[in-house]
Amino acid sequence: MGLDQLAEYIGKEQAYIGDLLLKEGIENLADACEEVGIQKQCDLVYKEKYKSMTRLFLAGNKTRRRMFLEGLGDNIVRRTFLIAVAFEIRCAEAYAETLQKYDPIPRLGQAKTSTLLQYAAAAQSLQESYPSLWPFQDHDPFDEG
């Protein structure tokens with residue numbers, strides 16, 4: 001899959017998850033995140049046992065995804081899970097954009113110093129574009145500013 005195709009796929013996933021988030025309601029999502037707290041939300045994003053849930057969800061078609069969300073049970077779990085999924089997709093977007101911008105594959109005859117500086121610029125760009133946990137402008141329950 002080329003970077004253009006990947007960017008298109010990521011865009012479609014963002015739109016799909018964005019629709020699910022908006023159906024939940026921003027204030028309801030914020031309330032759920034406040035209830036679980038930033039540490040638990042970070043666990044949903046970074047701990048491997050929860051990442052496997054995200055992989056399973058993203059691998060499914062829309063019907064399986066709907067069934068998966070219904071199987072999560074209560075609103076708080078579903079809402080915080082959707083925030084974690086949205087974060088993963090936004091991280092993928094930031095990385096794909098960095099790859100498109102900096103083309104990290106060294107070229108034949110390219111000086112090592114040039115490659116080093118290109119990699120450094122790409123890393124700095126990725127750090128600057130790294131998404132926050134909260135996917136909206138307002139109501140940030142994590143106060144990430």
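The shown structure was predicted, so the numbers you read here are calculated from the model rather than taken from an experiment.
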Query raised in the report: Is the shortest side-chain N to carboxylate O distance from Arg55 to Glu88 below 4.0 Å?
Result: no
Requested in this report: Say whether, by atom type as modelled, one donor and one acceptor occur between the side chain of Ser125 and the main chain of Ala121 under 3.5 angstrom.
Outcome: no
Report task. Tell me, yes or no, whether the heavy-atom count around Glu27 atom CD, taken from other residues, nucleotides or ligands under 6.0 Å, exceeds 12. Result -> no
Requested in this report: Quick one: do Phe81 and Phe68 satisfy ring pair (Phe, Tyr, Trp, His ring centres under 6.0 Å)? Show the steps, please.
Outcome: CA-CA 11 Å; Phe81 176 74; Phe68 185 95; 5.3 Å; yes
Query raised in the report: Met53 and Leu133: same hydrophobic cluster, using ILVMFWY side-chain contacts below 4.5 Å?
Result: yes
Report task. Spell out, yes or no, whether Leu58 and Ile83 are grouped together once hydrophobic residues are joined by side-chain heavy atoms under 4.5 Å, including indirect joins. Result -> yes
**Report entry** For Glu93 against Ile10, the heavy-atom pair lying closest together
**Finding:** CB-CG2, 3.8 Å
Query raised in the report: Under 3.5 Å, is there a donor-acceptor pair between the side chain of Arg90 and the main chain of Ser132?
Result: yes
Report task. Please report the closest heavy-atom contact between Ala84 and Gln41, naming both atoms and the distance. Result -> N-NE2, 3.6 Å
Query raised in the report: Just wondering, are more than 12 heavy atoms of other shown residues or ligands nearer than 6.0 Å to CD in Gln127?
Result: no
Query - Straight-line distance of Gln124 CD to Thr98 OG1, nearest 0.5 Å - result: 11.5 Å
Query raised in the report: Hey, are the side chains of Gln100 and Asp4 touching, using non-hydrogen atoms and a 4.5 Å cut-off?
Result: yes
Query raised in the report: Same cluster or not: are Ile89 and Tyr46 linked, directly or through other Ile, Leu, Val, Met, Phe, Trp or Tyr residues, by side-chain heavy atoms under 4.5 angstrom apart?
Result: yes
Query raised in the report: Say you draw a straight line from CD of Gln39 to CG of Leu44; how long is it, rounded to the nearest 0.5 Å?
Result: 10.5 Å
Query raised in the report: Is a side-chain N or O of Gln118 found less than 3.5 angstrom from the main chain of Tyr102, in a donor-acceptor match?
Result: yes
Query - Lys/Arg-Asp/Glu bridge criterion (N-O < 4.0 Å) met for Glu24, Arg78 - result: yes
Requested in this report: Can you see which heavy atom on Asp43 is nearest to which on Tyr50, and at what distance?
Outcome: O-CD1, 3.2 Å
Report task. List for me each residue that meets side-chain contact (heavy atoms from CB on, under 4.5 Å) alongside Lys23, sequence neighbours excluded, and say none if there are none. Result -> none
Requested in this report: Check whether Leu72 and Val85 end up in the same hydrophobic cluster, where Ile, Leu, Val, Met, Phe, Trp and Tyr are linked by side-chain heavy atoms less than 4.5 Å apart.
Outcome: yes
Report task. Hey, could you give me the NZ/SG distance between Lys47 and Cys42, rounded to the nearest 0.5 Å? Result -> 10.5 Å
Requested in this report: Give the minimum heavy-atom separation between Leu82 and Ile17, together with the two atoms involved.
Outcome: O-CG2, 4.2 Å
Requested in this report: Could you label the plane-to-plane angle of the Phe142 and Trp134 rings as parallel, tilted or perpendicular, counting under 30° as parallel and over 60° as perpendicular?
Outcome: perpendicular
Query raised in the report: If you look only at pairs with a residue in residues 9-18, which of them pass as a salt bridge (Lys or Arg N to Asp or Glu O under 4.0 Å), with sequence neighbours excluded?
Result: Glu8-Lys12, Glu13-Arg65
**Report entry** Path from Phe136 to Val45 over hydrophobic side-chain contacts below 4.5 Å
**Finding:** yes
Requested in this report: Over all heavy atoms of both residues, which pair between Thr80 and Val77 is shortest? Give the atoms and the distance, please.
Outcome: OG1-O, 3.2 Å
Query raised in the report: Rounded to the nearest 0.5 Å, how far does CG of Leu69 lie from CZ of Arg79?
Result: 12.0 Å
**Report entry** Nearest heavy atoms of Leu29 and Leu21, plus distance in Å
**Finding:** CD1-O, 3.3 Å
